[in-house]
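The structure appears below as structure tokens.
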Amino acid sequence: MDNNQHIKQLIERYQSQELARHHLEKVYERLEAANLQLEQLEVLLEKEYKSIKPLEQRSLQGLFHTILGNKESQLEIRKQEYLHMALKYNEHKKMVELLDFERRVLEEKLLDAAAVKQELEASIQQRSQSIIQRYPELANELNNVDREIDHKVGLRRELNEAIIVGLQAVRLLEEMADLLQQVHNWGASTHSAYRKEDSYELEQTNVIIDKAHNLLYKAQQILLKFDDELKDIYAYQRIHSFHRYDNLEHFSDIYYSRLISDWIVQKRIRGALANVRGTRDGVRQIIESLRNEMKQAEQSINYFEQRKKAAIMEYVKNK
């Protein structure tokens, strides 16, 4: 294999591992914070559960003097609070599992990082010595050109990896948008609160929202990873709409509680749908920008390679 081509492959592999190393540092931080929060949620969840038991065991007469006035209303509120906490705990647990899986993947990718770096440095040194021996008068110029090519090859790898992650985010966001589109008009035929005759439609809506909600966990992780990739390329570019997923995080308890009117549910679904689509379109725009940068990187590589080739040909011609 041509030594220059081998160096390019090593640079791309090394750059990919460097990106993985940077992302792994972020994953460690997020995982530590997520585990701490999960422990706190577990304590709160147990506290909410214990608060329900006494209410179930107390006599109705003993509750007449409470602020809420009766056992049933206080118990119902406590159950809703416990449900909300349980949903929040389960969601956070899922996020921890995804982070831990990503941690293992990244650690495996970095197992031979030291060997790759050593081989790359040795190959670059060998290339430089070869140039000095064959073209002593051109050594400085050719080595400078090679460094420019190496830099652009590394940049190309960064751009390519960011594009791949961005496309993964777009795919997940499109799946979420398709699911939310199916239910964005749910309850439009009525402006009343939950009714028994709507139970089948509510059940089907729940299934679809749960699917969108499950995709949300993956989308959040992919968007964070995409943001990490962008920080290595464009310090000024971020995914500002990431935090706008808050509406989705509360869909499950809205449906379980059955205490919210249909038009408010519609408003939340439509708002979430608009946010998902807006984020998807924003990611697409960034991907297009990355692709333009890829073209420029390719043009720069071709330019420097032609410049190197022309310098060598001129040198040989005049020998």
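The analysis underlying the following values was restricted to heavy atoms, covering all of them including side chains, and did not include hydrogens, waters or symmetry mates. In what follows, residues are counted from 1 in the order of the sequence shown.
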Any chance [atom1] of [X] has more than 12 other-residue heavy atoms, nucleotides or ligands included, within less than 6.0 Å?
X    : atom1 : answer
K94  : NZ    : no
Q129 : CD    : yes
E108 : CD    : no
N140 : CG    : no

With rounding to the nearest 0.5 angstrom, report the [atom1] to [atom2] distance, [X] to [Y].
X    : Y    : atom1 : atom2 : answer
T279 : F226 : OG1   : CZ    : 11.5 Å
Y89  : L45  : OH    : CG    : 7.5 Å
D227 : K225 : CG    : NZ    : 13.5 Å
R147 : D150 : CZ    : CG    : 9.0 Å
L155 : E298 : CG    : CD    : 10.5 Å
E161 : H23  : CD    : NE2   : 11.0 Å

Using the test side-chain contact (heavy atoms from CB on, under 4.5 Å), find all partners of [X] that sit at least two apart in sequence or belong to another chain.
X    : value
S128 : I132, N143
N35  : L31, V96
M294 : R156, L159, N160, I163
E305 : K8, I149, I301, N302

Flag side-chain contact, heavy atom, 4.5 Å: [X] against [Y]:
X    : Y    : answer
Y303 : R307 : yes
K26  : H22  : no
V27  : L224 : no
L273 : M176 : no
S123 : L10  : yes
E32  : L36  : no
H6   : E119 : yes
K93  : L98  : no

*Check each of K295, Q296, R291 against E293 using the side-chain contact (heavy atoms from CB on, under 4.5 Å) test, and report the only one that passes.*
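Option passing the side-chain contact (heavy atoms from CB on, under 4.5 Å) with E293: Q296.
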
_Steps toward salt bridge (charged side-chain N to carboxylate O under 4.0 Å, His left out) verdict (R30, D100)_ = CA-CA 10 Å; R30 291 167 187 154; D100 194 53; over 6 Å; no

*State whether the side chain of S130 and the backbone N or O of Q126 hold a donor-acceptor pair below 3.5 Å, judged by distance alone.*
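Looks like no, no N/O pair under 3.5 Å.
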
*Apply salt bridge (charged side-chain N to carboxylate O under 4.0 Å, His left out) to the pair R171 and E175, showing each step before the final yes or no.*
CA-CA 6 Å; R171 179 180 57 79; E175 288 183 40; 3.0 Å; yes

*Considering all heavy atoms of both residues, which atom of R127 and which atom of N3 are nearest to each other, and what is their separation?*
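Of all heavy-atom pairs spanning R127 and N3, the closest is CB-ND2, 3.6 Å.
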
*asked:* Tell me the closest heavy-atom pair linking L180 and A212, and the distance in Å.
replied: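 In this case the closest contact between L180 and A212 is CD2-CB, 4.3 Å.
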
*Applying the salt bridge (charged side-chain N to carboxylate O under 4.0 Å, His left out) test to E107, which of R103, R104, K109 qualifies?*
R103

*Give the C-alpha distance, both sets of side-chain angles, the deciding distance and a yes or no for side-chain contact (heavy atoms from CB on, under 4.5 Å) between L215 and Q220.*
CA-CA 9 Å; L215 289 175; Q220 286 175 322; over 6 Å; no

Say whether [X] and [Y] are linked into one hydrophobic cluster, either directly or through other cluster members, by side-chain heavy-atom distances under 4.5 angstrom.
X    : Y    : answer
L172 : I208 : yes
V153 : L290 : no
I286 : L19  : no
I287 : I164 : no
L99  : L110 : yes

_Check against side chain to side chain donor-acceptor pair (under 3.5 Å), H92 and Q40_ = CA-CA 11 Å; H92 208 74; Q40 295 170 346; over 6 Å; no

*Going through the distances and angles, do D281 and R277 end up as a salt bridge (charged side-chain N to carboxylate O under 4.0 Å, His left out)?*
CA-CA 6 Å; D281 293 342; R277 286 174 171 169; over 6 Å; no

*Considering only Ile, Leu, Val, Met, Phe, Trp and Tyr, and joining two whenever side-chain heavy atoms are under 4.5 Å apart, list the other residues clustered with I131.*
Y135, L138, L142, I312, Y315, V316

*Share the residues that join V105 in a hydrophobic cluster, the rule being Ile, Leu, Val, Met, Phe, Trp or Tyr side chains under 4.5 Å apart at the heavy-atom level.*
F101

